[in-house]
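A short worksheet on the structure shown next.
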Number of protein chains: 2
Amino acid sequence: MKRIAENTINRLIVYKKELERLRREDVKNVFSHKLAILSGFPSHLVRRDLMNVGYFGSPAHGYDVVELEKCISDFLCTPESVRVILIGVGNLGRAILDYCQQQNPKISIIAAFDSDKNKVNKIYHGIYTFHIDSIKNFIKENDIKVVIITVPASEAQKIASEIVDSGVRGIVNFTPVRLQLNEDIYIENLDMMLGLEKVVYFVEGG
Amino acid sequence: MKRIAENTINRLIVYKKELERLRREDVKNVFSHKLAILSGFPSHLVRRDLMNVGYFGSPAHGYDVVELEKCISDFLCTPESVRVILIGVGNLGRAILDYCQQQNPKISIIAAFDSDKNKVNKIYHGIYTFHIDSIKNFIKENDIKVVIITVPASEAQKIASEIVDSGVRGIVNFTPVRLQLNEDIYIENLDMMLGLEKVVYFVEGG
DNA sequence: CTCGTATTGTGAATTTTTTCACAACTCAAA
DNA sequence: TTTGAGTTGTGAAAAAATTCACAATACGAG
């Protein structure tokens, strides 16, 4: 299978979500142009991307919503269910717990961890919080591959190194720290300030 | 001035932050290789990017931390202060209010808005919450150009359209909705689920 | 001063991504 | 059946981003 660009993956995930929505609205077919408007990418990119995943529509009816969603899901190897944990049950961590509960049921946060004794053994938004000291065992026993980090900046690097040692392969990093890890570890940096700065840049000057 | 790629902007913002940190740690000079490690991008990209912003280091001492930070800031036209508002004081909204307070002092959230009467006229993390009905006036009177949206998905499009009518030019969109707006409006989508899905993709298969 | 080492800056090559442009196709209507 | 409108799929072109590779430079040690 040909290697696919990260940008393409980003777009495919967006298409998938829009297709899910169309399916729920009981729409049967969709044209590249429509998908382009929904996703915010030009229609020729949509077509090129779908070519990459190997799905073919019909000139008359466009793409079958259900089939295409299935095809993209398969392409992305979206598993039936993925178990993820979250570290750092501060304001942001709890907000994410809440947010995730409402969304994609295929990816579920199965536990949270914190070092604060006042938070340990409590349940936030339906997720049980364990003490951080038990995290290594938990990761190994539950074969956790993906972790969400929402700890204070000062602790981010240390914890990241530890969980990677325990077998974690991917991190969603909400801290402002650029984690230094082996480069076969996939890191998605979601520092909210960067997003804000970028918008400011494009509005003010760019 | 030459138009600069969005990717370059992303990286510049990261360099800037790392330079800020180095400055606080009282580091005077930095080499492209070091900045590469800190930011996570290859050193030749760092050099190419700095070439684009027009900063020149010395082969002997690398880059002057303070000067380079200043240069990038100027290049990004980072204003002395930018005033931003946040709409939707749910869990995520409040977490962001908290998070932003601790960070970049040049960008400040000066007010929050919500439609829930129980939240209006309350102060969260130091930010006063107004009723959503007063937002149009507020945007106009305070010349707000950038807005953070953390409302429920069902309200996102309606509110986005309204604030754009009032003069907003850039949106940090934390909702899972792809906003349909005039294309001169800059939108930064920070749907956390997409980030999570992407990590899952790269860990499972990519 | 000279040599050796390390780094920058950048033209050129390469790779990747995006866009263009149009043949091929499908259907509906006349 | 034929025409026309609208769409897909894709080779090829163009544009953009990244990497290579090395000349130019600066400095310290001897």
Side-chain angles (χ1 to χ4, degrees), chain A residues 1-15 18-19 22 27-72 75 183 198 201-202 206, chain B residues 1-15 18-19 22 27-72 75 183 198 201-202 206:
Chain A
M1 184 187 292
K2 197 178 72 173
R3 206 187 143 279
I4 291 290
E6 182 163 333
N7 279 357
T8 308
I9 301 301
N10 289 336
R11 291 191 297 263
L12 287 173
I13 294 173
V14 175
Y15 304 150
E18 292 302 323
L19 287 165
L22 290 173
V27 176
K28 299 300 182 197
N29 298 90
V30 65
F31 293 116
S32 63
H33 179 63
K34 174 73 172 174
L35 205 44
I37 289 174
L38 292 176
S39 64
F41 306 113
S43 61
H44 47 76
L45 251 188
V46 172
R47 294 206 299 279
R48 179 68 70 191
D49 288 338
L50 299 193
M51 202 181 132
N52 280 328
V53 310
Y55 182 79
F56 298 96
S58 104
H61 303 113
Y63 307 103
D64 181 294
V65 170
V66 172
E67 271 180 31
L68 179 54
E69 184 194 339
K70 173 88 169 55
C71 184
I72 294 178
F75 181 85
E183 59 186 50
K198 196 163 134 193
Y201 168 77
F202 282 107
Chain B
M1 182 188 293
K2 196 177 72 174
R3 206 185 144 280
I4 292 288
E6 182 163 333
N7 278 358
T8 308
I9 301 301
N10 288 336
R11 290 191 297 263
L12 287 173
I13 294 173
V14 175
Y15 303 150
E18 292 303 321
L19 288 164
L22 290 172
V27 175
K28 299 301 183 196
N29 297 91
V30 66
F31 294 115
S32 63
H33 179 64
K34 174 75 173 172
L35 204 45
I37 289 173
L38 291 176
S39 64
F41 306 113
S43 60
H44 46 75
L45 251 189
V46 172
R47 294 206 298 279
R48 179 68 72 194
D49 289 337
L50 299 193
M51 202 181 132
N52 280 328
V53 309
Y55 182 79
F56 298 96
S58 103
H61 303 113
Y63 307 104
D64 182 293
V65 169
V66 172
E67 272 180 30
L68 180 53
E69 184 194 341
K70 172 88 169 56
C71 185
I72 294 178
F75 181 86
E183 60 185 51
K198 196 163 134 192
Y201 168 76
F202 281 106

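By convention in this document, chain letters (A, B, ...) are assigned in the order of the sequence lines, proteins followed by strands, and residues within each chain are numbered from 1. Predicted model, so just to flag it, every value in this text is computed and none were measured.
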### Task
Remember a base hit wins even if backbone is also touched, and classify A:Thr8 as base, sugar-phosphate or nothing at under 4.0 Å, heavy atoms.
nothing
### Query
Reckon B:His33 touches a base, only the sugar-phosphate, or nothing at all at heavy-atom distances under 4.0 Å?
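B:His33: no heavy atom of the nucleic acid under 4.0 Å.
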Out of [options], whichever nucleotide has its closest atom nearest the side chain of [X]:
{"X": "B:Arg47", "options": "C:dT10, D:dT18, D:dC27", "answer": "C:dT10"}
{"X": "A:Pro59", "options": "C:dT18, D:dT8, D:dA26", "answer": "D:dT8"}
{"X": "B:His44", "options": "C:dT8, D:dG11, D:dT19", "answer": "D:dT19"}
{"X": "A:Arg11", "options": "C:dT18, D:dT10, D:dA17", "answer": "C:dT18"}
{"X": "B:Pro42", "options": "C:dT8, D:dT19, C:dT17", "answer": "D:dT19"}
{"X": "A:Phe56", "options": "C:dT10, D:dT10, C:dT18", "answer": "D:dT10"}

#### Entry: side-chain N/O A:Ser58 vs C:dT26 OP1/OP2, d < 4.0 Å
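For C:dT26, neither OP1 nor OP2 has a side-chain N or O of A:Ser58 closer than 4.0 Å.
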### Query
Reckon B:Asn7 has a side-chain N or O less than 4.0 Å from the OP1 or OP2 of D:dT18?
yes
### Query
Is there a donor and acceptor pair closer than 3.5 Å between the side chain of A:Arg48 and the base of C:dT17?
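Answer is no: no donor-acceptor pair is held.
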### Task
Check whether any side-chain heavy atom of A:Tyr55 sits under 4.5 Å from a side-chain heavy atom of A:Ile72, and report yes or no.
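Answer no - side chains too far apart.
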#### Entry: Interatomic spacing from CD1 in A:Ile9 to NZ in B:Lys198 - rounded to 0.5 Å
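The distance works out to 9.0 Å.
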#### Entry: Earlier contact from the 5' end, DNA chain D, for A:Met51 and A:His61
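Nearest-nucleotide comparison on DNA chain D picks A:His61.
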